[in-house]
Amino acid sequence: MSPPATIEDDDLERLLLIRHFELALLRLFERGLLHGTTHTCLGQEHIPVALSPLLRPDDFVFSNHRGHGHFLARHLDPHGLLAEIMGREGALCGGVGGSQHIYHRRFLSTGVQGESLPVAVGVALRMAGTGALTCVYVGDGTWGEGSVYEALNLASLWQVPLLLVVENNGIAQSTPTRLQLAGSVAARAAAFDVDHLPIDSTDVAAIRNALRPAVAGVRERGRPLVVEFATHRLGPHSKGDDSRPESDLLRAREADWYTSYRRADPERFLRVDLAQRERVERLADEVAARPPSVWDRA
């Protein structure tokens, strides 16, 4: 694996914050301090981090069940997010949204696959001509949902400023993509006359450079765009349910941005890595000690 270009301190800190936040969630679940479910974005953190500076405060971001990294790249509030997931005081949504259903400052996530795309198209229609856009994250498995195609059809017909980010990690829960997706994402986008941009990199700077003119085009022309990332999911679908063979897990680990950035600049990487690990450990202890969140219905 070739080393990436030099990464800015802010980007490296955000990458490692998300990595250790997700690892902490798995540890908290093992200790019985989390309830329900949680889906980590381990291995995919570079995607929202690369995209984040290209988004404006007046843009809307629509996320999915695997959205902690999307949120932390957009809003640097790990305390509020962890409090929400744990149902503790200071929770973003009073503790009623949990891991998957967050609504906070033009950021919305849902655990219902494909649900966010029609809503994002409607919001994009209202934002047309303002220079703002809607960014919606989906996985490869979501391309089996009819709502995706209905939304793409309208987005193309109405020419709305929609940025559709596909995190194609090669597996839909426990089903390999090759067994559940006929054709390709690119061909399906083309069927609706929607542009498609493939990205096969974990280099944050390179990704951002490739996306910058494309995102500007969505704003200026008001034309939807599908950006498809070839990526890898390091962790399980949710908690400990991972049925992949060891060979697949090995390929995912070999492609991990964590390894390539550590090799490129080991001294700086280890310093920042330790700082973010300790930051998240303090955060987890502090939030776990808070009283339960009380949702005010008024």
Side-chain angles (χ1 to χ4, degrees), residues 44 46-64 66-67 69-71 73-75 102-110 112-140 142-168 183-201 204-231:
Q44 303 176 187
H46 59 287
I47 297 172
V49 170
L51 184 58
S52 180
L54 304 180
L55 298 178
R56 301 185 344 191
D58 55 345
D59 293 335
F60 273 83
V61 174
F62 292 81
S63 183
N64 53 43
R66 202 175 301 282
H70 303 156
F71 178 85
R74 177 69 168 166
H75 300 298
I102 303 294
Y103 176 55
H104 180 73
R105 291 167 50 199
R106 299 198 172 200
F107 178 96
L108 303 92
S109 65
T110 176
V112 181
Q113 299 307 297
E115 179 188 29
S116 59
L117 192 52
V119 180
V121 171
V123 172
L125 180 63
R126 292 293 301 272
M127 299 168 73
T130 67
L133 58 76
T134 59
C135 172
V136 55
Y137 292 92
V138 302
D140 50 283
T142 308
W143 288 77
E145 298 292 332
S147 59
V148 170
Y149 305 109
E150 295 175 7
L152 278 175
N153 183 56
L154 292 178
S156 184
L157 283 172
W158 294 340
Q159 290 293 279
V160 300
L162 174 76
L163 178 64
L164 176 54
V165 178
V166 184
E167 297 171 315
N168 188 344
S184 65
V185 171
R188 294 186 181 201
F192 294 98
D193 193 27
V194 174
D195 295 333
H196 173 270
L197 175 64
I199 301 287
D200 184 10
S201 174
V204 169
I207 294 169
R208 193 172 293 154
N209 288 335
L211 286 178
R212 185 173 285 107
V215 172
V218 173
R219 297 188 191 280
E220 295 164 5
R221 297 192 300 272
R223 179 175 171 82
L225 171 68
V226 172
V227 180
E228 181 182 5
F229 284 86
T231 187

Query raised in the report: With sequence neighbours left out, what residues match Asn64 under side-chain hydrogen bond (donor to acceptor under 3.5 Å, both in side chains)?
Result: none
Query raised in the report: Counting only N and O atoms by type, is there a donor-acceptor contact under 3.5 Å from the side chain of Ser52 to the main-chain atoms of Ala73?
Result: yes
**Report entry** Any donor-acceptor pair under 3.5 Å from Ser147 side chain to Gly114 backbone
**Finding:** yes
**Report entry** Nearest heavy-atom neighbours spanning Ile199 and Ala210
**Finding:** CD1-CB, 4.0 Å
Requested in this report: Using atom types as modelled and distance alone, determine if a side-chain donor or acceptor of Arg208 lies under 3.5 Å from a backbone N or O of Val49.
Outcome: yes
Report summary line: Smallest heavy-atom separation, Ile207 atom then Ala50 atom, equals CG2-CB, 3.6 Å
Query raised in the report: How far apart are the C-alpha atoms of Phe107 and Phe71, what are their side-chain angles, what is the distance that settles it, and do they pass the ring pair (Phe, Tyr, Trp, His ring centres under 6.0 Å) test?
Result: CA-CA 7 Å; Phe107 178 96; Phe71 178 85; 5.3 Å; yes
Query raised in the report: Any side-chain donor-acceptor pair under 3.5 Å between Gln44 and His70?
Result: no
Query - Separation of Ile47 CD1 from Ser201 OG (nearest 0.5 Å) - result: 10.5 Å
Query raised in the report: So, for Val226 and Ala189, which heavy atoms are closest and what is the spacing to 0.1 Å?
Result: CG2-CB, 4.1 Å
Query - Atom pair CG/CG of Leu133 and Leu54 - distance to nearest 0.5 Å - result: 9.5 Å
Could you list the donor-acceptor pairs under 3.5 angstrom formed by side chains in residues 115-131, with sequence neighbours left out?
residue	atom	partner	partner atom	Å
Glu115	OE1	Thr110	OG1	2.6
Thr130	OG1	Met127	O	2.6
Thr130	OG1	Ala132	N	3.2

Query raised in the report: Does Arg74 come within less than 4.0 Å of Asp59, counting only side-chain N to carboxylate O?
Result: no
**Report entry** OG-OH distance between Ser63 and Tyr137, expressed to the nearest 0.5 angstrom
**Finding:** 7.5 Å
Report task. Test Asp200 against Phe229 for side chain to side chain contact (heavy atoms under 4.5 Å, CB included), laying out the working first. Result -> CA-CA 6 Å; Asp200 184 10; Phe229 284 86; over 6 Å; no
Query raised in the report: Taking atom CG of Leu162 and atom OG1 of Thr134, what is their separation to the nearest 0.5 Å?
Result: 4.5 Å
Query - Sub-4.5 Å side-chain heavy-atom contact between Gln159 and Pro224 - result: yes
**Report entry** Heavy-atom check, side chain of Leu163 versus side chain of Val136, under 4.5 Å
**Finding:** no
Query raised in the report: Does Arg223 use its side chain to pair, donor to acceptor, with the backbone of Val218 at less than 3.5 Å?
Result: no
Requested in this report: Start with the C-alpha gap between Gln113 and Thr142, add the side-chain angles, then the distance that decides, and say whether side-chain hydrogen bond (donor to acceptor under 3.5 Å, both in side chains) holds.
Outcome: CA-CA 6 Å; Gln113 299 307 297; Thr142 308; 3.1 Å; yes
Query raised in the report: Could you walk me through whether Asn168 and Thr231 pass the side chain to side chain contact (heavy atoms under 4.5 Å, CB included) check?
Result: CA-CA 6 Å; Asn168 188 344; Thr231 187; 5.6 Å; no
Query raised in the report: If you take all heavy atoms of Ala187 and Ser184, which pair is closest and at what distance?
Result: N-OG, 3.1 Å
**Report entry** Which atom of Ala214 lies closest to which atom of Leu225, heavy atoms considered
**Finding:** CB-CD2, 3.6 Å
**Report entry** Distance in Å, Phe62 CZ paired with Ser109 OG, rounded so as to fall on 0.5 Å steps
**Finding:** 11.0 Å
Query raised in the report: Between Glu228 and Glu167, is any pair of side-chain heavy atoms under 4.5 Å apart?
Result: no
Query raised in the report: Counting only N and O atoms by type, is there a donor-acceptor contact under 3.5 Å from the side chain of His196 to the main-chain atoms of Ala190?
Result: no
Query raised in the report: What distance separates His75 NE2 from His104 NE2, expressed to the nearest 0.5 Å?
Result: 5.0 Å
For a quick test of your reading: what N or O donor-acceptor pairs under 3.5 Å do the side chains of residues 148-155 make, sequence neighbours left out?
residue	atom	partner	partner atom	Å
Tyr149	OH	Trp143	O	2.1
Tyr149	OH	Arg188	NH1	2.4

Query raised in the report: Can you check whether Leu211 reaches Val227 side chain to side chain, under 4.5 Å on heavy atoms?
Result: yes
